[in-house]
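One structure coming up, written as structure tokens, with questions to follow.
We name chains A, B, ... by the order of the sequence lines, and we start the count at 1 in each one.
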Protein chains: 2
Amino acid sequence: MNDPPDPDPPHVPGLRPIRMKDIAEQLGLSQTTVSHVLTGKHAKFRISAATVERVWALAQKLGYRTNAMAQAFREQKSYAISLAVEDLSNPFWAGIAVGAEREAELHGYTLVVSHLAGNTGRLRRALQLVHESRVDGLIVSPISGGDCDLIAAHEQGLPFVQIDRAVPDLDVACVRTDHAAGSVLALRHLLRHEDRSLVYIGGPLDIATYRHRLDGFQAELTRSGVAAAAIEELKEATPEAAEARMVELLQRLRGPLAVYAANFCSTVGTLRGIRAAGLSVPDEIDVVGFDDILMADLLRYPVATVDQDVGGIGREAVRLLLQRLAGAEVAREVLLPPRLTARTSDVPRSEGRARARRARRADGSPDPSRQSRSGGPGKNKKSN
Amino acid sequence: MNDPPDPDPPHVPGLRPIRMKDIAEQLGLSQTTVSHVLTGKHAKFRISAATVERVWALAQKLGYRTNAMAQAFREQKSYAISLAVEDLSNPFWAGIAVGAEREAELHGYTLVVSHLAGNTGRLRRALQLVHESRVDGLIVSPISGGDCDLIAAHEQGLPFVQIDRAVPDLDVACVRTDHAAGSVLALRHLLRHEDRSLVYIGGPLDIATYRHRLDGFQAELTRSGVAAAAIEELKEATPEAAEARMVELLQRLRGPLAVYAANFCSTVGTLRGIRAAGLSVPDEIDVVGFDDILMADLLRYPVATVDQDVGGIGREAVRLLLQRLAGAEVAREVLLPPRLTARTSDVPRSEGRARARRARRADGSPDPSRQSRSGGPGKNKKSN
DNA sequence: ATGAAAGCGCTAACAG
DNA sequence: CTGTTAGCGCTTTCAT
């Protein structure tokens, strides 16, 4: 329509992005030369400094942006990776996403997220993204029922890495917390008091995660030459189950206890059971939980927790995936060390205050304090 | 290298995806015809049923997948949108991401996430993604210091929508909770007892969100013909500030109270202050908080909360963005109604149990109960 | 030191 | 009903 009356469009805002061709034409150069300059290969092609300068200047003036779609098409690389997790709204997975996004960005990659919600259909769609080259590779946390899909995907050579959980007998890298090491931390912490009966309470042992935690606990017991008063396996990892079991346990067991509640829900249930029994933590019963996730801050229970390096899981998963995309052989398993966070009193101070800050809402207001804790990308705001 | 000795590769797994051309050649058809069939336009072009069938069969057999990059390049549409939020690891934003991802997927779009962490550099990179056509549009929650970047982006015609917060005087759609309506819910709930002094405690009023909440509260006060005993504006929205204020308040005010703690941190602080004073909720003091976010479940405080429809914010933001990308005029502001969740006792039951389930870790174990609550996409698992 | 040309996989306008 | 052709923006030989 109105093409002829528009022979010199300097920078009309939303209309038609600038292409290399545009720059070339206005400069009386070939598009090739512009490409050489703009992709930083002017040295290699010995473009004259003057030309380089002119191209740069005009590109700047016109607001040239490389067209990522054309580039992706040309190179057959989308520069995007996908993260498919069970439940993005869960702080555990969200933390992984944060770490992954950070690392991906560092390498010029974009992070696409998929919320699987236990749905194998969604898992298949996530795998599709790779097949369709919408993303170059996938980071996935295996969900129940999806094992065969992942096995098939691997046979087709589809590039992915697993996180948190590994499909049995599948030769694909997995990044997760070293749960056994976490149990070692927990036990050593509990062993700082003498003469306490040791209790382990955790989730069902057919789940590999819980198996690892108990194994680590028992191995360290052996090494320490001590015995546990009770090993409690819950049939269901819920606060209710843990609370019930704890109440029951407190009737059986005498004397001061040291409890390792080996997962989040067990921790909550354990604390409730203890409170219901009218006992105090940590004076009468000491508790170490697993996974922090805001809880300790909000409840202000003086419990120590074994915290997973969720950001690290995301970060390492991305690194592994990118290595694999680059054709390198990668580790079969990457274990990240957890850390133990001790909390001393009911009154938040120092570290406690830092944690409180993480739960605070900013909502547009400047955040006065902003320094990383332990390298993790886990700064939080906005909780109202 | 070994190209000649491989003239007929049926479906070698990871090697070279099948193109339309491959199908066309093997069938002695033109690539165009294959395209017509595979894109479902065979009716329009009146392709013979036999041909359609042959193409379909071979595509199936060869495992043809449309190459999204080529398609994106051709159509100049990436079929990806970006969600840039302050802090992905915060359940509020993560919930929005879940809702957004669901809606995006429904429309064949992919969701790219960016974790801004209050960093304007990251915001600019998020805007870059659109400039570079890596994504078609952006959903962004304005962060402090980023207003000018967003204003500039809008002037350049870059397609985006805002969530939760709106840059003042910027004519760009914003999707957020109807905070004022939330306050109405809160006040009506508190007014169910007679003879209670009403207290409002909330964050600083230079933040629009908190302003809206107080405005809604006061408007409803007027409509109800009642007066508040105290309107408390905290300088900082932290649990510590709220607790201190509450302690102070409890010394000043006599008689049964009904408190509206208008944001999450205020709620936590308020409850702590009340507990510190040895008073009981809700018998001596009734409390309505703002934003659920696991708290009520873990703390089992019998407080009601005004909960935001976080999934809905994500969903509507995507809808608006896609409409705008389709060239439609869109609403300037979309307000989502919050809902009030009442909790009656200390013992979790019915709804309480459903909430508990959300906080539970599945980790590979099958999830027995799986039905949506109130249309929101917020099924949760994995918290250990 | 610069340019011409081909092609990545797909779609669409236009012929037959 | 099916095929020919051109082109999306960019990179990359290969010439000059």
**Message:** If we count only N and O atoms by modelled type, under 3.5 Å, do the side chains of B:Gln128 and B:Arg134 hold a donor and an acceptor together?
**Reply:** no
**Item:** Rounded interatomic separation in angstrom, taking CD1 from B:Ile23 and C1' from C:dC10
**Value:** 13 Å
**Item:** Phosphate-side-chain proximity, B:Tyr64 and C:dC10, N/O vs OP1/OP2 below 4.0 Å
**Value:** yes
**Request:** Tell me which of B:Thr32 and B:Phe73 sits closer to the 5' end of DNA chain C, going by the nucleotide each one is nearest to.
**Result:** B:Phe73
**Prompt:** So what does A:Ser35 hit on the nucleic acid, given a heavy-atom distance under 4.0 Å: a base, only sugar-phosphate, or nothing?
**Reply:** base
**Item:** d(CD1, B:Ile47; C1', C:dT11) in whole Å
**Value:** 14 Å
**Prompt:** Could you walk me through whether A:Glu101 and B:Arg122 pass the side chain to side chain contact (heavy atoms under 4.5 Å, CB included) check?
**Reply:** CA-CA 11 Å; A:Glu101 194 258 350; B:Arg122 284 165 170 273; 3.5 Å; yes
**Item:** Nucleotide D:dT11, atom C1' - distance to CE of A:Met69 in whole Å
**Value:** 17 Å
**Message:** Tell me the interatomic distance from A:Leu38, atom CG, to D:dC10, atom P, rounded to whole angstroms.
**Reply:** 9 Å
**Listed nucleotide nearest any side-chain atom of A:Ser30, set C:dG3, D:dC10, D:dG3** = C:dG3
**Request:** Could you state the atom-to-atom distance from CZ of B:Phe45 to P of D:dG3 in whole Å?
**Result:** 13 Å
**Prompt:** If you check every side-chain atom of A:His36, which of D:dC10, D:dT12, C:dA12 has the closest atom?
**Reply:** D:dT12
**Request:** Look at all strands and tell whether B:Arg74 reaches a base, only sugar-phosphate, or nothing, counting heavy atoms closer than 4.0 Å.
**Result:** base
**Request:** Check whether any side-chain N or O of A:Arg102 sits under 3.5 Å from a backbone N or O of A:Arg315 as a donor-acceptor pair, and report yes or no.
**Result:** no
**Request:** Taking A:Ser133 for its side chain and B:Ala68 for its backbone only, find out whether a donor-acceptor pair lies under 3.5 Å.
**Result:** no
**Prompt:** Hey, does the side chain of B:Gln76 come within less than 4.0 Å of D:dG9's phosphate (OP1/OP2), counting only N and O?
**Reply:** yes
**Message:** Please report the distance, rounded to the nearest Å, between NZ in A:Lys21 and C1' in C:dG3.
**Reply:** 15 Å
**Request:** Using only side-chain N and O atoms of B:Thr51, determine if any of them is under 4.0 Å from OP1 or OP2 of D:dT2.
**Result:** yes
**Request:** Have a look at A:Ser48 and say if it touches a base, only the backbone sugar-phosphate, or nothing, with a 4.0 Å heavy-atom cut-off.
**Result:** sugar-phosphate
**Prompt:** Which part of the nucleic acid, if any, lies within reach of A:Lys41 when heavy atoms closer than 4.0 Å are counted: base, sugar-phosphate only, or nothing?
**Reply:** sugar-phosphate
**Request:** Report the relative orientation of the aromatic rings in B:His42 and B:Trp56; use parallel for angles under 30°, tilted for 30 to 60°, perpendicular for over 60°.
**Result:** perpendicular
**Asked** Is any side-chain N or O of A:Thr33 closer than 4.0 Å to OP1 or OP2 of C:dG3?
**Response** yes
**Atom-to-atom span, CD1 of B:Ile18 to C1' of C:dC10 - whole angstrom** = 16 Å
**Request:** Measure from CD on A:Glu75 to C1' on D:dT11 and round the result to the nearest Å.
**Result:** 8 Å
**Prompt:** Does B:Thr51 have any side chain to side chain contact (heavy atoms under 4.5 Å, CB included) partners at least two apart in sequence or in another chain, and if so, which?
**Reply:** B:Leu29, B:Thr33, B:Ile47, B:Ser48, B:Val55
**Prompt:** Using a cut-off of 4.0 Å on non-hydrogen atoms, how would the nucleic acid contact of B:Lys44 be classed: base, sugar-phosphate, or nothing?
**Reply:** nothing
**Request:** Look at all strands and tell whether A:Arg46 reaches a base, only sugar-phosphate, or nothing, counting heavy atoms closer than 4.0 Å.
**Result:** base
